Structures are given as C-alpha cells and as structure tokens.
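Here the structure is laid out as structure tokens; the discussion comes afterwards.
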Protein chains: 2
Amino acid sequence: MQEQPRRQSRIQRKNRETILTAALREFSARGFAGTTIDQIAEAAGLSKPNVLYYFQSKDAIHTELLRGLMDLWLGPLRDMRAEGDPADQILAYARRKLEMSRDYPQESRLFANEVLQGAPRLQPILGGELRELVEEKSALIALWIAEGRIAPVDPHHLLFSIWALTQHYADFEVQVRAVLGPDHDPYAEAEVFLDQLYRRMLRVQPRE
Amino acid sequence: MQEQPRRQSRIQRKNRETILTAALREFSARGFAGTTIDQIAEAAGLSKPNVLYYFQSKDAIHTELLRGLMDLWLGPLRDMRAEGDPADQILAYARRKLEMSRDYPQESRLFANEVLQGAPRLQPILGGELRELVEEKSALIALWIAEGRIAPVDPHHLLFSIWALTQHYADFEVQVRAVLGPDHDPYAEAEVFLDQLYRRMLRVQPRE
DNA sequence: CCTGATCCTGACCAAATGGTCAATAATTTG
DNA sequence: CAAATTATTGACCATTTGGTCAGGATCAGG
C-alpha cells in the first residue's frame, strides 16, 4: 500500500520494467486469469520467486500496468483543443487514436479485457477522471455545434464512436485480418475510411 | 467428437440448456480461464459431476456456446438484401445489430472475449464462413456504390464500422455507463446517433 | 412391481498455481 | 576488502481446479 520512498536501484528499475513488459504481453494475450506468474517469469527471463520479489503479487503487476495505461490512453483526448478547425481537431484525435491501436495493440487489449470484465479495478477512473475529461471535451464539441462550425451530433456518442472504431482494429485484429485476407493493410485503409466518415458526418449541411 | 444419434430425453434437453445458460453468464462475465466448472454448476443449480455428466469438459461447454453463437451473430448480415433502398438496408442492419447488443450483451461479450484472445476456436469460421459472407455483402455494397445509389466507401470497413459501433455498447457497457452517468439510455441515444452517422456518410453528394 | 437405463453425487485424484522462505549469490558502500 | 544490503533461487506449501469413478437414486417401460 505505502509507496517505498527509497529510490530504486538500477537493477531494480530494469527488472521491474522487464517484468511489466512481459506481463503486458501475456495479460493482453490471455487475460488476467488466463496468465500464470510462471508464464510472466519465463517471458521475462526470471524465476517465479524473483518476479514476486519485485511485485507483491500477480494482482500488483496487473494493477501497475493498468495505472500506467490510463495516461497513455487519455493523452490524445486531452490534446483536443479549442483552437483550430473543429473538424480537423476531431479528425486529428481519431487519427492519433488509430495510431495508438496500431502501435500499442497490447495496451488496447489489456484495457478491453479489463472493461469487458466489468472494469473491477478501473471503475473509479472511468467514473472519475475519464468522465470529467469527456464532460469537458463534450462541452467543447457542443460549443462548436452551437457556433455552426460542425454539424449537430451527440458529443458523447461522437467520442464513443471514435473509441469504438479505432480500438476495434486492435482488439478484433484477428477478425479483421481473417476477413480481409493477407493482401490488405487494415490500418492504412482504416485511416482513409475514418477520414471520410468523420468529414461527411461533421460537414455542415448548407440547407437540409 | 461424434454426435450421439440417440435423441435426447426431456430432462437431458432441460439440463443441457440450463448449463449453457449458466455458462454463458459466467464465461461472458469472467472469461473462459476465469470461470470454474464449480461456478457454472452453482449458477445452474447442479453439482459439478452432474455438469460433467452432460458435457465432456469445460472446453466442450465453451465450444458449444460459441457454435450456437455464430448463427445468431451472422443472421442480421445475411438478411441484408439487394432489394429496397441501399441506405435503408445498411441502416436496418446497423439497427438490428445494435438491438442485438442491447438484447444479447452476454453473447456479445463472449464473442469479444474469444476474438480478443486470438479466436483460438473461431479462426476457421472467421476466415471461412464469415469471410465469404462479408465478401458477398461487400460486393453488393460495391454495386450500390457503382450505381451511384450511396456515396463511395470501402465496403469492408463500412461493415467493420457497424460491428465496432454496435458491439461497443455491449462490450464496453460499464465504460459507457460510467461516462454517461445514470440519467441516460445509451441504446436509445446510440440508435439516433448511428442513424445520423450512416445517413450522412452514405448520402450521395450532388457535386463534391 | 421388476428391470434396465438414465441420472446424480460424495469422495477422490493429479496437476497447476499463487505465494513463502531460508539459504545463497551478487552488489554496493563505508 | 569487509560488512551490509540487495538480488536470486530451489524447495516447499496450501489451495484450487479440471476431471474421474463407483455406487446409489430415479425413472420409464413392460
């Protein structure tokens, strides 16, 4: 519970990092319950007791991973600004989120796994930090709509749609690839698709 | 492996059904590895050996559930027809898929869990039956585009987007509810949102 | 109401798993 | 370089878990 104030040794930092990287790979591939400490230890090139020397328990590793994840996850949304063209801002957010799915698919799956199972360790963040951030950005989008700079949409569901559409390519990657076959670049195609989708959806109609 | 040709007794049908229902609830809530036969047995009101009297193994229960799932899952897409207005057809599909997320969230999560972990038992279906179905419907959508009846989009990714946007409300339900708070009806709002989204996206632009 | 088939269970087992610990090795530091 | 601290591990343990089995209960049909 209490954070050790003693600063970490070099070897400590390295091994904790190694364990977290290995654990991310394992947890994201087989879920929390489906992953054993032995698997993590082997993936990290350490013995099981050694892993437990650095982390109190399997649960502690998982919790640590999730904590680190949220910052990475919320970053792009935080960067959505009032300045600039609204549609460009929203599109930039979608694009960055898609890049994150492409570059951090394990993180995406870890998150999906957690939420899918009812987010037992994330609920406070979802209903707290995330909710407030969404509220703030929704207000911004609502403002843009009120100013007539983008077409009217429900801001919350607009954000949900960005999450759903981008994370889908990481979380359901096997399905996407199985359906598309080998001669496709899902992420490149998705970028074009999302661009079209949001441009059309947000374009202000001259007269409906 | 071989199907018992002897027809099932009444009690057999009832208990197998009870077990499958209980197992769906448990598996969808905690994943395959996170669920024990004992939990399934208790949820079904049976003893563990009794559960194993009706199913050879925990794996057999899971496999049976997944098999039954695919028909339910692919049904709405199969119903997308060449007749009628293209945009209406696509919208009807999206709406039905959203209803399925609302009415069968456990099934959605079971499926998500499976795909998330690499779809070890579903890959043949994904690359086979599903892929063919998607190919067929993509061709239909491409035809509609060629005829100028809907705006041009990548048909595959259009289908992906429908899956992602609708399943999101079931799979990430805790997140959606945590962000929206208690005074919202996610599915009702989503229906409106999806309607707007696809109408705007698919509307043929007079002159771009 | 007898008999064979179906249904059900307590007791049990082997393997896996999360976690501990005493002892040893390596490293840091005075 | 010696003492103290930190890192590592083999052996071990208690619990959980998937699955078995022999025997008893129940039920359908003649």
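The structure presented is a predicted model; accordingly, all values stated were derived computationally and were not measured. We name chains A, B, ... by the order of the sequence lines, and we start the count at 1 in each one.
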- Note on the structure: Rounded to whole Å, the CG-C1' distance (B/Asn15 to C/dC8) equals 10 Å
- Contact class for A/Phe55 (heavy atom, under 4.0 Å): base, sugar-phosphate, or nothing? nothing
- Atom-pair distance (CD on B/Glu42; P on C/dC8), nearest Å: 18 Å
- Query: So, are A/Glu17 and A/Arg13 salt-bridged, with charged N and O less than 4.0 Å apart?
  - Reply: no
- Query: If only side-chain N and O atoms of A/Tyr53 are considered, is one of them under 4.0 Å from the OP1 or OP2 phosphate oxygen of D/dT8?
  - Reply: no
- Query: Is the closest basic N to carboxylate O distance between A/Arg95 and A/Glu99 below 4.0 Å?
  - Reply: no
- Message: Does a side-chain N or O of A/Arg10 approach OP1 or OP2 of C/dT27 to a distance below 4.0 Å, or not?
- Response: no
- Task: Take atom CG of A/Leu52 and atom P of D/dC12, then tell me their distance rounded to the nearest Å.
- Result: 19 Å
- Message: Please confirm whether the shortest side-chain N or O distance from B/Gln12 to OP1 or OP2 of C/dC7 is below 4.0 Å.
- Response: yes
- Message: Nearest to the side chain of B/Lys48, heavy atoms from C-beta on, is which of D/dA28, D/dT20, D/dG18?
- Response: D/dG18
- Distance-only donor-acceptor test (3.5 Å): side chain B/Lys58, base D/dG19: no
- Does D/dG18 have OP1 or OP2 sitting under 4.0 Å from an N or O in the side chain of B/Ser57? no
- Query: To the nearest Å, how far apart are B/Asn50 CG and D/dT26 P?
  - Reply: 13 Å
- How is B/Ile11 classified with respect to the nucleic acid when contacts are heavy atoms under 4.0 Å: base, sugar-phosphate, or nothing? sugar-phosphate
- Note on the structure: Closest of C/dG19, D/dA11, D/dT20 to the A/Pro49 side chain is D/dA11
- Message: Please classify the nucleic acid contact of B/Ile37 as base, sugar-phosphate, or nothing, using heavy-atom distances under 4.0 Å.
- Response: sugar-phosphate
- Euclidean distance, atom CG of residue B/Asp38 to atom C1' of D/dG18 [Å, nearest integer]: 10 Å
- Query: Taking CD from B/Gln39 and P from D/dT16, how many angstroms apart are they, rounded to a whole number?
  - Reply: 12 Å
- Presence of salt bridge, A/Asp195 and A/Arg200, under 4.0 angstrom: no
- Query: What is the minimum heavy-atom distance between B/Trp144 and B/Pro86, and which atoms define it?
  - Reply: CD2-CB, 3.4 Å
- Can you tell me how far C1' of C/dG19 sits from NE2 of A/His62, to the nearest Å? 19 Å
- Task: Return no unless some side-chain N or O of A/Tyr54 is found under 4.0 Å from OP1 or OP2 of D/dT8.
- Result: yes
- Working for side chain to side chain donor-acceptor pair (under 3.5 Å), residues B/Ser101 and B/Tyr187: CA-CA 9 Å; B/Ser101 282; B/Tyr187 289 102; 5.5 Å; no
- Query: Between B/Ile40 (CD1) and D/dG19 (C1'), how many Å, whole number?
  - Reply: 13 Å
